[in-house]
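Okay, structure first, notes after.
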2 protein chains.
Amino acid sequence: MRNKQKQLQVRDVQDVINVIGGRWRGAILASLCDKEKRFNELKRDLGSITPRTLIKELKYLEMNKLVQRREENHQLNAYTYRLTEHGHSLEPLIASIVVWGQKHRSLILGQKE
Amino acid sequence: MRNKQKQLQVRDVQDVINVIGGRWRGAILASLCDKEKRFNELKRDLGSITPRTLIKELKYLEMNKLVQRREENHQLNAYTYRLTEHGHSLEPLIASIVVWGQKHRSLILGQKE
DNA sequence: AATAGCACTATCTTTTAGGATACCGGATTT
DNA sequence: AAATCCGGTATCCTAAAAGATAGTGCTATT
């Protein structure tokens, strides 16, 4: 019973890592926590991501109901990506990640820059 | 300035994902939250991981000062892996991940099982 | 009318993670 | 002394992730 619980936790962690893991997914979500963004805006924000990867990740996040793509007003060729409600529920988690990440960097990586 | 801050957060998230990301790292850490464990114990706990991968990940986690490998008493051929203090500082984060993961599963994956 | 920006798509290639499998030396059990 | 368990190594292989690069159709700007 105790053990079963453990097993589950291991699986939960793996599930979440699937969703926010990888080189970009977490970063995209973090960037969208700030505010909704357009494709190229996101691209600039993330630095070195390629359009191929960005669109792939965005579609994945859409499929998982974390991100929503909507046409801006009625202008064609203008879309924004924003967090869904479910996506927003990740914000505290991401915030904790950022905090721990800063601590980790200063501890391990010697806070260069 | 504001923008710089954003950039940093994106990097922080990526750093943390590096540390706890991938198919196994988060799971290993979660398993070690419970208590210190030996190699084969961990292996059993994680289910389908291969020894090659497990040792690789453990070494990575050691390098990043999250896990510590120690000889048990004075018996040769008996080692335990445990979280360092820094590793333990991840516990709340992992707990949040588990909680969100459960919510996500019931929402998206339809809580099968 | 031409140029440039937006939001992608397509193709090709490299990189990386991680699985499969076999093996190894030392310690322990029988 | 033989078999088994522990804590790994060593090799080989595959699939998936992601980079590089070029091109597309539409719109907005000058």
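Lettering follows sequence order; numbering is per chain, from 1.
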Discussion item. When you compare the side chains of Glu91(B) and His88(B), does any donor N or O come within less than 3.5 Å of an acceptor on the partner?
Written reply: yes
Worksheet item: Among side-chain atoms of Thr53(B) and Trp24(B), is any donor-acceptor pair under 3.5 angstrom?
Response: no
Worksheet item: Between dA18(D), dG18(C), dG8(D), which nucleotide has the shortest distance from any of its atoms to the side chain of Trp24(B)?
Response: dG18(C)
Worksheet item: Between dG19(C), dA18(D), dA7(C), which one does the side chain of Thr53(A) approach most closely?
Response: dA18(D)
Check the phosphate of [N] against [X], side-chain N and O only, distance under 4.0 Å to OP1 or OP2. Yes or no?
{"X": "Lys43(B)", "N": "dC5(D)", "result": "no"}
{"X": "Lys59(B)", "N": "dT9(D)", "result": "yes"}
{"X": "Tyr81(A)", "N": "dC8(C)", "result": "yes"}
{"X": "Thr50(A)", "N": "dA18(D)", "result": "no"}

Worksheet item: Do the side chain of Lys37(A) and the main chain of Ser31(A) share a donor and acceptor less than 3.5 angstrom apart?
Response: yes
Item to complete: Could you tell me whether a side-chain N or O of Glu41(B) sits under 3.5 Å from a main-chain N or O of Arg38(B), the two making a donor and an acceptor?
Response: yes
Nearest-angstrom distance from the residue atom [atom1] of [X] to [atom2] of [N]:
{"X": "Ile55(B)", "N": "dT11(D)", "atom1": "CD1", "atom2": "P", "answer": "17 Å"}
{"X": "Lys56(A)", "N": "dA7(C)", "atom1": "NZ", "atom2": "C1'", "answer": "18 Å"}
{"X": "Glu72(A)", "N": "dT27(D)", "atom1": "CD", "atom2": "C1'", "answer": "14 Å"}
{"X": "Arg23(A)", "N": "dA16(D)", "atom1": "CZ", "atom2": "C1'", "answer": "16 Å"}
{"X": "His74(A)", "N": "dC26(D)", "atom1": "NE2", "atom2": "P", "answer": "20 Å"}
{"X": "Ile17(A)", "N": "dA16(D)", "atom1": "CD1", "atom2": "C1'", "answer": "18 Å"}
{"X": "Leu54(A)", "N": "dG19(D)", "atom1": "CG", "atom2": "C1'", "answer": "14 Å"}
{"X": "Phe39(B)", "N": "dC5(D)", "atom1": "CZ", "atom2": "P", "answer": "16 Å"}

Worksheet item: Toward the 5' end of DNA chain D, which comes first, Gln75(A) or Asn40(B), by nearest nucleotide?
Response: Asn40(B)
Under 4.0 angstrom, heavy atoms only, what part of the nucleic acid is [X] near: base, sugar-phosphate, or nothing?
{"X": "Arg69(B)", "result": "sugar-phosphate"}
{"X": "Glu71(A)", "result": "nothing"}
{"X": "Glu57(B)", "result": "sugar-phosphate"}

Worksheet item: Could a donor-acceptor pair under 3.5 angstrom be found where the side chain of Arg52(A) meets the base of dT21(D)?
Response: no
Worksheet item: Per the atom types in the model, does the base of dG7(D) pair as donor or acceptor with the side chain of Asn77(B) at under 3.5 Å?
Response: no
Discussion item. Just verifying a value: how many Å separate Leu58(B) CG and Leu66(B) CG, rounded to the nearest 0.5 Å?
Written reply: 11.5 Å
